[in-house]
Q: 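Below are the structure tokens for one structure; questions will follow.
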Amino acid sequence: MKDIKAVINKYFEQIVAYRRHLHENPELSHEEKNTSEFIAAKLREMGLEPKTGVGGYGVTAVIEGAAPGKCVGLRADFDALPVKEVTGLPFASKNEGVSHACGHDVHTAMLLGAAHVLIELKDEFKGCVKLVFQPAEEDVLNCGSVPMIADGVLEDPKVDAMIGQHVWPQYTTGQAAIRNGAMMASSDRFHITIKGKGSHGSAPEDGVDAIVIASHVIAALQTIVSRKVSPRDAAVVTIGTIHGGSRYNVIADEVKLEGTSRNLNPEVRNKMPGRITEIAEGVAKAMGGEAVVEYFKGYSPTVNDPGMFDIIYGVMKETLGENAIVPEMSALGGEDFSYFCERIPCGFFWLGTRNPEQEFFPIHHGGFNADEKAIPTGIEIAVKSALAFLAK
Ligand SMILES: [Zn+2]
Ligand SMILES: [Zn+2]
């Protein structure tokens, strides 16, 4: 077998150039026309025959090995965020107010890099690798993986397992993390409308104060996580917006709240709509008002398959050393990779991308910049894990 590190290094500059081009030209979810065309063009330059328009702007390509066998998918997402970039990088976003603040430029560049490497190695493996370039990961209620699945991304050739990764600035370059089981959370959204009755601010007895009810509802919602979820299960209920009232001396007749609910355990998740509704309706009713709850299910939890965990963990150990693997980590961020995990065995890992000499910014912050020195590591773990799956 060729030295994979050496093959990756051969393409490193090229891969960084891909990354910088993508970084400079970010496109929002469902608007990634140029990004999609760029990916397809690069795959064609490599001699592959990409399939475009897969469930939207999705692009796939298949790299066949030397003999028939299983098929493993490698997935990268490629949409950007409505976040103003403040990195000051020479290749900063040219699309005002839009940036790759979640590092999907790096994911895509790494998958193009993996394509170069796998093409060089194709006489050395059986089966095939399907490259899955996915749009619209950031749009929780209309995400990109679901239409790609509906459009047959897991068929023809049938994909037996899938591997994905996300850049993770909490960990330094050279580190990685994976968990056996749930790695990322379900990501649901809810709206609560509190209805009261308006009156003069001096005469609360004539009205039903929706603002006071809302404050009690918000406080009571905190008891779901503290009193109704086992301390062994991670969960979050966050109210992110509150709007109500029209004037300082008028009792508000309506307040609108918006929030998010996150869980790693699907059973706990399924109880959330009921708990939130009971509390909002019950508290509002007790205070003479009314609450209407709308609950929107977003991403499912991203749950790693035990077999895929073993493969990826083994590769990480060999590539980075056991001390560089952050064990048993999970986060309550959501990932639409979860929809692949619901259908076939999947493995998802985080790639440390923090340069300790630079100021720390989390993902989704305009100052976030992944360390490009982490790129070879991400490619190496993905490629070696894919080959290990095919060899099994
Ligand atoms: Zn994101
Ligand atoms: Zn992301």
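Side chains are part of it too, since the values below use all heavy atoms of this structure and drop only hydrogens, waters and symmetry mates. Start at 1 and go down the list; that is how both ligands and their atoms are numbered.
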Q: Provide the protein N, O or S atoms situated under 2.8 Å from the Zn ion (ligand 2); waters are not included.
A: Cys102 SG, His104 NE2, His166 NE2
Q: Go through it in stages, so that I can follow the logic: the residues are Asp156 and Lys158, the test is salt bridge (Lys or Arg N to Asp or Glu O under 4.0 Å), and I'd like the CA-CA distance, side-chain angles, deciding distance and then a yes or no.
A: CA-CA 5 Å; Asp156 191 29; Lys158 187 175 172 311; over 6 Å; no
Q: What N/O/S atom of His364 is the closest to the Zn ion (ligand 1)?
A: NE2
Q: Go through the side-chain N and O atoms of Tyr57 and Glu37 and say whether any donor and acceptor fall under 3.5 Å apart.
A: no
Q: Are any side-chain N or O atoms of Ser330 and backbone N or O atoms of Ala182, one a donor and one an acceptor, separated by less than 3.5 Å?
A: no
Q: Does the separation of the ring centres of Phe38 and His21 fall below 6.0 angstrom?
A: yes
Q: In terms of the angle between their ring planes, are Trp168 and Trp350 parallel, tilted or perpendicular, with boundaries placed at 30° and 60°?
A: parallel
Q: Under 4.0 Å between a side-chain nitrogen and a carboxylate oxygen: does that hold for Asp188 and Arg269?
A: yes
